[in-house]
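The next block holds one structure in the form of structure tokens; read it before the comments.
Since the model is a prediction, treat every value here as computed from it, not as a measurement. Convention: sequence-line order gives letters A, B, ...; per-chain numbering from 1.
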Number of protein chains: 2
Amino acid sequence: MATIYDVAKAAGVSPKTVSRVMNGDAPVNQVTREAVEQAMLALNYVPSSAARTMRSQRSGLIGMITGAISTTHQFEDAGLPEIYLVQGAQRVIDQSNRTLLIADSGGQAERIPTLLQTFREHRVEGVLYVAEYHREVTLPASLRDRPIVLVNCFDAEDTPCVLPDDEGGQFALVEGLIRRGHQRIAYLTLPEHQVACGLRVSGYRRAHAHNGIDVDEQLVQVGALPSSTHEYDLLWDALDRVLKAEPTVICCANDKMAMRVYGLLRERGIAIPQQMSVAGYDDYRMIAEHLHPGLTSAELPYGAMGARAADKLLRLMSGTTKTNEPSRELVSAPVAWRESVQSRDLNVTQLNSRRRET
Amino acid sequence: MATIYDVAKAAGVSPKTVSRVMNGDAPVNQVTREAVEQAMLALNYVPSSAARTMRSQRSGLIGMITGAISTTHQFEDAGLPEIYLVQGAQRVIDQSNRTLLIADSGGQAERIPTLLQTFREHRVEGVLYVAEYHREVTLPASLRDRPIVLVNCFDAEDTPCVLPDDEGGQFALVEGLIRRGHQRIAYLTLPEHQVACGLRVSGYRRAHAHNGIDVDEQLVQVGALPSSTHEYDLLWDALDRVLKAEPTVICCANDKMAMRVYGLLRERGIAIPQQMSVAGYDDYRMIAEHLHPGLTSAELPYGAMGARAADKLLRLMSGTTKTNEPSRELVSAPVAWRESVQSRDLNVTQLNSRRRET
DNA sequence: CGATGTCATGACATCGGTGTCATACATGAT
DNA sequence: ATCATGTATGACACCGATGTCATGACATCG
């Protein structure tokens with residue numbers, strides 16, 4: 001492997017001049033520059049980031065730790081959207097001429113210390129700490145010594161974080177349903193202890209309040225359990241209960257649940273969307289686009305969150321964070337409207353209630 | 001940040017002795033060792049991988065390039081299973097005391113040269129080159145200068161690679177269907193130019209031959225198009241055609257297609273699995289487990305492939321590759337049997353034909 | 001008892017860049 | 001002519017590990 005000395009010799013200059021050509025930190029004569037560039041090309045020279053890091057005390061590395069926080073060893077599909085986070089973050093980080101170092105614990109918590117040790121050995125300059133679902137976390141002490149941004153999670157100490165706007169997303173979805181003429185909107189929720197559950201239910205309620213519609217509490221039922229093995233044991237009963245309240249649309253806590261509801265409704269001979277509209281959450285396109293009919297869903301904007309988090313981290317690292325910048329950032333996303341939701345004609349009463357909106 | 005000199009001073013020894021304590025490459029007195037270890041702990045010392053890399057000329061890094069090969073900029077969900085590959089590879093690589101450096105192009109081919117440059121600057125010692133679907137690729141010349149293992153793809157020059165056993169997987173699935181009493185097995189294939197299409201159809205045919213069943217060619221139809229926008233334009237007609245051939249089960253080229261077939265069959269009032277069994281491919285659990293009824297599917301073993309590829313690469317790097325080791329490795333996986341396939345009673349004729357198997 | 005070997009340790013150079021400082025020359029202002 | 005300024009370049013040290021070699025203290029052996 002050619003070094004800067006080889007290039008210098010080939011170009012007939014000092015190593016420092018080669019360095020100047022690469023970094024542009026001091027003027028270099030045009031003729032010299034070209035000679036150096038030719039030599040670099042001829043020798044297929046690639047600078048060593050190790051040497052650079054050592055001398056400059058800057059690694060240019062940003063660490064991302066994912067799949068880190070699972071309590072269960074089998075977190076299965078929860079980790080899938082991470083790839084979007086990675087892509088979003090990497091796009092931003094590449095532009096800043098840095099490199100993303102990813103540590104995926106694969107849900108094995110006992111491997112985290114090793115991974116963090118690797119980060120420290122490589123002198124990562126900042127950390128993106130990613131949770132697999134919207135939740136509160138407690139940071140390991142060893143992560144407190146460098147800039148960090150939490151992604152899809154938050155802590156009690158107001159560490160900077162980037163979160164999905166669950167409340168706003170559910171609001172937009174329900175608001176859209178109401179605009180499409182739905183008044184009796186069922187909601188099958190996430191497990192109640194989940195952060196996203198509370199937020200989304202709030203959004204659901206705010207959309208109702210905003211349109212002057214009272215929420216029939218029978219329309220809101222818990223649709224999923226925390227344990228992944230019995231995750232949907234409740235669903236059958238929950239669906240039965242909301243159906244008794246005669247909704248025109250069923251909002252599901254996520255697309256997986258919506259997929260199950262498709263099956264359950266069809267078993268009951270209820271046609272989607274002619275007899276019942278259905279909506280999901282996550283806009284997990286692998287599901288939403290290929291279900292039949294296509295599933296209306298509020299997007300969980302992982303790509304945008306990754307990009308925003310990387311951006312926030314870079315600003316944190318360079319000290320250019322605006323003083324008024326909130327430590328907690330919400331990322332919103334549009335609702336993807338597909339065929340699973342059918343518009344209903346508005347009758348006069350409903351029009352009256354809609355008029356209040358504006 | 002504390003250095004090895006700080007530790008040496010604190011422990012009252014030379015830096016070299018500290019190095020020896022860390023690396024265990026020469027005997028160190030027990031008393032000295034303990035003093036050094038205490039000093040390291042007290043100073044919160046973390047060795048610098050940059051310095052190590054520079055001196056030892058070994059970076060301990062393995063590069064993985066993913067999402068790299070897409071021709072379309074929007075490869076959407078194709079990239080999702082990559083997370084399993086990453087996890088599988090990282091598990092193996094961590095054990096070898098190395099670090100995985102992941103470069104995800106996000107499907108933007110123009111970013112690849114930059115990413116490879118980063119790899120070279122960091123002196124990665126080996127590369128895992130990942131394709132987003134089973135295909136042939138042509139390696140960039142700049143990757144030929146270090147050990148490399150292709151994952152989910154292969155090239156014309158017999159570069160070592162790890163591939164899913166599509167033929168075997170489809171064979172096992174169809175074989176299982178036959179054992180469960182199915183004789184008329186429809187198959188909706190991938191786009192014909194795809195490598196996996198040919199292999200899976202071969203497996204399908206071999207399972208028939210193995211059981212002495214003739215394949216009714218009307219049962220085999222192309223179910224998907226290459227273009228992602230018109231991907232399933234064919235599906236409606238293809239399904240119609242295979243239904244005319246009166247199958248008892250429909251094998252779909254992948255789980256996405258199976259999900260669509262669920263919808264289409266139900267539109268026609270055909271109950272799954274009572275009137276028609278359905279099977280998929282990929283065992284994409286997010287879909288297969290939550291569809292109703294649960295979808296029988298042949299697993300595409302991404303996790304295992306990642307681990308196998310990492311293992312193969314490590315052996316290649318250390319020169320311990322067995323001389324008789326094939327450059328191309330197939331990874332098999334079991335079929336996940338779920339409720340979408342119903343067993344059928346075997347009549348006497350069928351039993352006779354089954355008897356031939358053994 | 002001297003030769004040899006093992007254990008334990010340190011001195012010193014080195015890996016490949018870059019920061020600091022010095023130097024040489026050309027240009028323009030005083 | 002003198003000095004300041006800017007351009008262009010090189011010498012040299014240094015970042016933090018580790019490989020090489022040397023050294024001293026003991027133990028073992030013939």
Quick one: [X] [atom1] to [N] [atom2], roughly how many Å, whole number?
X: A:Glu121; N: D:dG16; atom1: CD; atom2: P; result: 15 Å
X: B:Arg123; N: C:dG16; atom1: CZ; atom2: P; result: 8 Å
X: B:Lys9; N: C:dG10; atom1: NZ; atom2: P; result: 15 Å
X: A:Arg58; N: D:dG16; atom1: CZ; atom2: C1'; result: 18 Å
X: A:His122; N: D:dC15; atom1: NE2; atom2: P; result: 22 Å

Please determine if a side-chain N or O atom of B:Thr17 lies less than 4.0 Å away from the OP1 or OP2 oxygen of C:dG10. yes
Would you please confirm or rule out a distance under 4.0 Å between OP1 or OP2 of D:dT9 and any side-chain N or O of A:Ser14?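 A:Ser14 to D:dT9 OP1/OP2: no side-chain N or O under 4.0 Å.
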Could you check A:Val28, A:Thr32, A:Val36 and say which one makes a side chain to side chain contact (heavy atoms under 4.5 Å, CB included) with A:Arg20?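 It is A:Val28; the other options fail the test.
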Enter the distance from [X]:[atom1] to [Y]:[atom2] here, rounded to the nearest 0.5 Å.
X: B:Phe119; Y: B:Met64; atom1: CZ; atom2: CE; value: 9.5 Å
X: B:Gln57; Y: A:Ser48; atom1: CD; atom2: OG; value: 8.0 Å
X: B:Arg98; Y: B:Leu61; atom1: CZ; atom2: CG; value: 10.0 Å
X: B:Met305; Y: B:Glu329; atom1: CE; atom2: CD; value: 11.0 Å

Does [Y] offer a backbone N or O that forms a donor-acceptor pair with the side chain of [X] under 3.5 Å?
X: A:Asn152; Y: A:Ala131; result: yes
X: A:Asp94; Y: A:Asn97; result: no
X: B:Ser105; Y: B:Arg111; result: no

Minimum-distance nucleotide to A:Gln57 side chain [options: D:dC15, D:dT18, C:dT18]: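 Comparing D:dC15, D:dT18, C:dT18 against the side chain of A:Gln57, the answer is D:dC15.
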Reckon B:Val18 touches a base, only the sugar-phosphate, or nothing at all at heavy-atom distances under 4.0 Å? nothing
Side chains of A:Ser56 and A:Arg58: do they bring a donor and an acceptor to under 3.5 Å? no
Can you find a side-chain donor-acceptor pair between A:Glu34 and A:Gln38 that sits under 3.5 Å?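 Their side chains do not contain a donor-acceptor pair, so the 3.5 Å distance test is not met.
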Close residues, residues 20-43 of chain A, relative to DNA chain C [heavy-atom separation under 4.0 Å]: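 Listed by number, they are A:Met22, A:Asn23, A:Asp25.
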Between the axis at one end of the helix from C:dC1-D:dG30 to C:dT30-D:dA1 and the axis at the other (five pairs apiece), what's the angle to 10 degrees?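 The angle, to the nearest 10 degrees, is 50°.
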Positions of residues 44-56 of chain A (non-hydrogen atom under 4.0 Å from DNA chain D), listed by number: A:Met54, A:Arg55
Check: B:Lys16 side chain, D:dG19 base, donor-acceptor under 3.5 Å: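 Yes.
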Please examine the side chains of A:Met22 and A:Ile4, heavy atoms only from C-beta on, and report whether any two atoms are closer than 4.5 Å.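 Yes, at least one pair of side-chain atoms sits under 4.5 Å.
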